[in-house]
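Here's the structure, in structure tokens; my notes come after.
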Protein chains: 2
Amino acid sequence: MLIDRPEKESYTCREVLNKVLLGDALTVLRKLPEESVDMVFMDPPYFLQLPPKELRRWTVRTVVEGVNDDWDQFGSFEEYDEFIKNILLAIRRVMKPNATLWVIATYHSIFRIGKIMQDLGYWILNDVHWVKTNPMPNWLGVRFTNATETLIWAVKDKKAKKYTFNKEFAKEFGIGKIGANVWVLPICSGRERLKGEDGKKLHSTQKPVELLRRVILTSTQEGDTILDPVAGVGTTGYVAQALNRNFIMIEINPKYVKGIEKRFEEPLKLKAISSKDKKKVAEYVTVEE
Amino acid sequence: MLIDRPEKESYTCREVLNKVLLGDALTVLRKLPEESVDMVFMDPPYFLQLPPKELRRWTVRTVVEGVNDDWDQFGSFEEYDEFIKNILLAIRRVMKPNATLWVIATYHSIFRIGKIMQDLGYWILNDVHWVKTNPMPNWLGVRFTNATETLIWAVKDKKAKKYTFNKEFAKEFGIGKIGANVWVLPICSGRERLKGEDGKKLHSTQKPVELLRRVILTSTQEGDTILDPVAGVGTTGYVAQALNRNFIMIEINPKYVKGIEKRFEEPLKLKAISSKDKKKVAEYVTVEE
DNA sequence: CTGCCGGATGAATCACAAC
DNA sequence: GGTTGTGATTCATCCGGCA
């Protein structure tokens, strides 16, 4: 069975391998054996601005002179930080000593996440920048078009050395010929995008298969175990399976889990990025004369 | 006089306009009038935490002149955070209500800086990614080649609305045709790179003129006042002057200040990026068929 | 003046084994 | 644990020397 709802106190690796565990990330993570996974990919919820009324004031406010009282968003920042910190701690426990962790987010939250990671002892190896060829057309002329998401790639500890890095793939994916930390690829759309029964997109931030293909190929070996504690519609496991890696996915929303189940009925056949798509990418990033 | 050593308790804007103030950033910032500058560009120490040993090129046996300057040394993350927080607070005081702030750093510290900015109430407008066409390669192939630096662009407060954003320039500089938050340009080298009397680079991390040109053209108007509290060899003011903006620069190191003085003897004549360079950039980011 | 070639170098958290 | 010596292996770009 692909789907499982963990009831026991703790699980062996074998019991949860290649399963989607229905439940809260933190609760389920704590049931997994320690030092058991080779790589973790996390796509945490984005930080959403709540209406000011629901927010508390930030206690550190008193540090600053001459500041008006509208610093209300910090109450929710604190809650967000707490959530991130706890899940990063729980992840750290299940990572093998030389496992690596990927986290993806936008500027709304990536800075908070990165600092928390460093404070917990994670050692950042790279930031990788996903440049979207077809970002949301949010051009109001008041900001730069936000065409990027940032991935942080890290090890548990500064001392971790023998992590997996397949540089041939890194060179293939990064722009230029030097394996740079910049990936240019389109967002998930078209047939790849999962739809609900209402015909609308099932998940608001479904990650493209190609993104996970790159993550997995550069940082794991065949047979490795990949964990995604906030699986959403399960792109991580879906691509992992196609690349002969094992996966453990955790997702709390039954709607998404149902989506994963349906998705897995038709296993992914991976093909390299089409030359047509490559051409599009090339056109996109080319600077005009 | 271009150079000035502030002795008084406080200064009017007129007294410090288009001057390099020799002194500690925090001390001098507190002497400036509040709400007096339109834009701030800050290039703080990145706290690279480079290993104490030297890195030697294998083929030519030469040593990489890393960033081992005293100004990049901090005892701990906490110490670094305190430094950043205090300077960000002092900057906030002198910013006009609709002024904007740019901060640049690499993955070593940009996440910490971004979180501290958010915690202090700064409202992030964008992250802008500088993709370097000619970075140091990662020789051992154990990571992605770190080819980027990240700029955070922010206003003092979420409520600030009427900040300057020249969208024509944003469209010109960003890759694609959408004004994306990605700038591709080479690092500062060759004749542009200031040399000391020993023939070696005067500053380990001099920023390219083209980077500042983009920052200034997108986020200020002619006649605006631009502050750089950690001026180094003064690229910010040098480009500001060429673009008919006013500047206030602060720098504590007399060696760098002397470098600025000499640099200003020959005012910058700005030329647009050449079509040859544009072509190179295009080649660099183009994806192969 | 131009073109070719060798040398130098860049914000780098870059390895590993032996003592 | 720290220190030191050996060795495996990157690329775009600029500059100066020389043909």
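Every chain is numbered from 1, with letters handed out A, B, ... down the list of sequences. What you see is a predicted model; the values in this text were computed from it and never measured.
Comparing B:W139 and B:E192 by the nucleotide of DNA chain D that holds the closest heavy atom to each, the one mapping nearer the 5' end is B:W139. With DNA chain C read from its 5' end, the first of the two nearest nucleotides for B:S109 and B:K201 is the one closest to B:K201.
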Problem set entry | Dot-bracket encoding of pairs in DNA chain C, which uses [ ] for pseudoknotted crossings and | for another strand, Watson-Crick or G-U under 3.5 angstrom | .|||||||||....|||||
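Residue B:P44 is in base contact, counting any heavy-atom pair closer than 4.0 Å across all strands shown. At the heavy-atom level, A:I124 lies under 4.0 Å from base atoms of the strands shown. Residue B:I187 is classed as a sugar-phosphate contact, given heavy-atom separations below 4.0 Å to backbone atoms only. Looking at heavy-atom distances under 4.0 Å, B:T205 makes contact with a base. Contact annotation for B:R193: backbone-only contact, meaning every heavy-atom pair under 4.0 Å involves sugar-phosphate atoms and none involves a base. Nucleic acid contact for B:E149: base, since at least one base atom lies under 4.0 Å from a heavy atom of the residue. A:N126 comes within 4.0 angstrom of no nucleic acid atom, judged by non-hydrogen atoms across all strands.
Look at A:K167 and you'll find a side-chain N or O under 4.0 angstrom from OP1 or OP2 of D:dT10. In this structure, B:Y46 does not reach the C:dT13 phosphate: none of its side-chain N or O atoms is under 4.0 Å from OP1 or OP2. Within the 4.0 Å cut-off from OP1 or OP2 of C:dA15, at least one side-chain nitrogen or oxygen of A:K161 is found. One finds a side-chain N or O of B:T133 lying less than 4.0 angstrom from the OP1 or OP2 phosphate oxygen of D:dT13. Contact between the side-chain N/O atoms of B:K200 and the OP1/OP2 oxygens of C:dT9 is not found at any separation under 4.0 Å.
Not a single donor-acceptor pair, N or O on each side, falls under 3.5 Å between the base of D:dT9 and the side chain of B:R57. Side chain B:K207 to base C:dA11: a donor-acceptor pair is found below 3.5 Å.
For the pair B:L48 CG and C:dG10 P, the computed distance is 14 Å after rounding to whole Å. In this entry the distance linking CD of B:E54 with C1' of D:dG7 reads 15 Å, nearest Å. Look at CG on B:L55: it is 14 Å from P on D:dT10, rounded to the nearest Å.
Screening B:R57, B:K200, B:K201 for a salt bridge (charged side-chain N to carboxylate O under 4.0 Å, His left out) with B:E65, the sole residue that qualifies is B:K200. Looking at B:F74, B:W71, B:F111 one by one, the single match for ring-ring contact (aromatic ring centres under 6.0 Å, His included) with B:Y80 turns out to be B:F74.
In this structure C:dT13 sits in the syn conformation; its chi angle is within 90° of 0.
The side chain of A:K177 has D:dA12 as its nearest neighbour among C:dT13, D:dA12, C:dA11. Candidate nucleotides D:dG16, C:dA11, D:dC11 were compared by shortest atom distance to the side chain of B:R191, and D:dG16 ranks first. Closest to the B:S189 side chain, of the nucleotides C:dA11, D:dA12, D:dC14, is D:dC14. For B:D72, taking side-chain heavy atoms from C-beta onward, the closest of the listed nucleotides C:dA11, C:dA15, C:dC16 is C:dA11. Proximity note for B:W71 (side chain, C-beta onward) versus D:dC11, C:dA11, C:dT13: the nearest is C:dA11. The listed nucleotides are C:dG10, D:dC11, C:dC14; the one nearest the side chain of A:K171 is D:dC11.
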Produce the list of close N/O pairs, under 3.5 Å, pairing protein atoms with atoms of nucleotides 2-6 of chain D; give distances to one decimal.
from  : atom 1 : to    : atom 2 : distance (Å)
D:dG5 : O6     : B:K53 : NZ     : 3.4

Using atom names, set out every protein N or O paired with an N or O of nucleotides 1-8 of chain C below 3.5 Å, distance rounded to 0.1 Å.
none

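For the C1' atoms, the distance linking C:dC1 with D:dC18 amounts to 13 Å, nearest Å. On the P atoms, D:dT4 is 24 Å away from C:dA12, given to the nearest whole Å. To the nearest whole angstrom, the two P atoms, one in D:dT6 and one in C:dA11, are 30 Å apart.
Heavy atoms from other residues, nucleotides or ligands lying under 6.0 Å from NZ of A:K96 number more than 12. Within 6.0 Å of atom NZ in B:K262, 12 or fewer heavy atoms from other residues, nucleotides or ligands are found, so the atom counts as exposed in its surroundings.
Aromatic ring orientation, A:W153 versus A:Y163: perpendicular (interplanar angle above 60°, classes split at 30° and 60°). The aromatic rings of B:F173 and B:W183 stand perpendicular to each other, their planes meeting at an angle above 60°, with 30° marking the opposite boundary.
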Donor-acceptor pairs are to be reported for all side-chain atoms of residues 44-55 of chain B against protein atoms at under 3.5 Å, with residues two or more places apart or in another chain.
from  : atom 1 : to     : atom 2 : distance (Å)
B:Y46 : OH     : B:D43  : OD1    : 3.3
B:Y46 : OH     : B:E149 : OE1    : 2.6
B:E54 : OE2    : B:R56  : NH2    : 2.5

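Among residues two or more places apart in sequence or in another chain, the salt bridge (charged side-chain N to carboxylate O under 4.0 Å, His left out) test is passed with B:E251 by none. Residues passing the salt bridge (charged side-chain N to carboxylate O under 4.0 Å, His left out) test with A:E168: none are found, sequence neighbours excluded.
With 3.5 Å as the limit, one finds no donor-acceptor pair spanning the side chains of A:T150 and A:D127.
Between the side chain of B:R263 and the backbone N or O of B:Y238, no donor-acceptor pair lies under 3.5 Å.
For the pair A:R112 and A:F77, the cation sits on the ring face: its NZ or CZ lies under 6.0 Å from the ring centre, inside 45° of the axis.
Residues A:W102 and A:T218 come closest through the heavy atom pair CZ2-OG1, 3.9 Å.
A salt bridge is absent between B:R245 and B:D38; no separation between the charged side-chain nitrogens and carboxylate oxygens falls under 4.0 Å.
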